[in-house]
Amino acid sequence: MSATPARRILAVVPVLALLVLSGCTAGPVVHARRITAYQPTPSASPFAPSTSPSATAKPTPGSLEWYLSQVPTFPEAPPPQPVPLPATGTAPFWHRLPTDQKVAFITIDDGGLARPSAVAEFIWRAHIPVTMFLNSPAAEEHPEYFRQIQVAGGVVENHTINHNSLAGRSYDYQKQEICGAADKLEAVFGKRATLFRPPFGEHDSTTLKAAHDCGAKAVFHWTETVHEGKVRFQTPEKVVQPGDVLLMHFRPALMDDLLAALKAIHRAGLTPALLEDYVL
Ligand SMILES: [Zn+2]
């Protein structure tokens with residue numbers, strides 16, 4: 001019997017949810033999902049394919065098995081050392097996480113434009129830590145899509161309701177955009193967002209105060225963008241640095257963007273990690 005990846009994911013989510021819940025006794029779910037070297041052992045994954053490919057068969061380029069075969073082997077991620085947060089009544093704004101640990105972070109924004117179907121299974125099977133900064137209407141329209149990624153280890157965070165630039169707007173407007181989205185995302189995903197990314201990265205001091213007042217512990221920009229499989233550096237080093245934050249979007253080439261980000265992080269001698277393990 002054949003099944004599309006989307007159907008397989010839907011079929012295994014209850015099993016996976018049980019596995020994740022039962023393994024979650026000492027902290028966030030994501031602790032059990034820290035990235036390790038990809039092991040091509042279908043039986044170890046709740047997203048296992050219904051048929052076992054032959055050990056010698058080469059995966060078809062563009063297939064999920066092909067993407068999995070391209071994922072580099074990373075050094076073990078170091079135990080996270082959370083960064084100190086200022087107690088100033090406002091959220092810090094960071095382009096890169098202030099850490100010397102050999103880690104970098106993958107973030108995926110928006111959610112309204114495209115939602116490639118293989119992403120959740122790719123994230124689960126390759127152990128890719130991701131933070132999703134979602135606009136709340138996209139999350140409300142497609143909750144199952146993002147819940148599958150959440151179950152696979154991804155974490156949902158806040159990217160406003162309407163994706164308008166916040167810089168220069170009133171406190172009330174900004175608070176409505178940030179708290180309003182936080183409330184809706186919490187209703188859909190059962191967890192309050194603790195990180196915020198302003199649309200276009202545009203912000204002012206009011207944004208950081210409003211984000212703090214809506215529950216955000218930190219506000220993130222980015223250091224690299226990834227689009228259609230290409231990483232573009234926005235820092236002088238032109239190589240991924242410890243603490244760097246890579247930005248991509250829910251767009252048609254998201255599988256290529258994830259792979260390109262993993263390769264760039266690997267080339268730098270770093271390991272992908274989860275932002276939420278560092279901002280507590
Ligand atoms: Zn955006």
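When a ligand or atom number is given, it counts from 1 through the structure's own listing order.
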Pairing residues for Asp213 by the side-chain hydrogen bond (donor to acceptor under 3.5 Å, both in side chains) criterion, not counting sequence neighbours
Tyr171, Lys209
Not counting sequence neighbours, which residues clear side-chain hydrogen bond (donor to acceptor under 3.5 Å, both in side chains) with Trp94? List them please.
none
With the threshold set at 4.0 Å, does a side-chain nitrogen-carboxylate oxygen contact exist between Glu144 and Arg115?
no
Between the side chain of Thr225 and the main-chain N/O of Leu247, is any donor-acceptor distance below 3.5 Å?
no
Among protein atoms, how many N/O/S atoms lie less than 2.8 Å from the Zn ion (ligand 1)?
3
Can you pull the side chain to side chain donor-acceptor pair (under 3.5 Å) pairs that have at least one residue in residues 77-87, sequence neighbours excluded?
none
In terms of ring plane angle, is the pair His266 and Phe74 parallel, tilted or perpendicular, where the classes change at 30° and 60°?
perpendicular
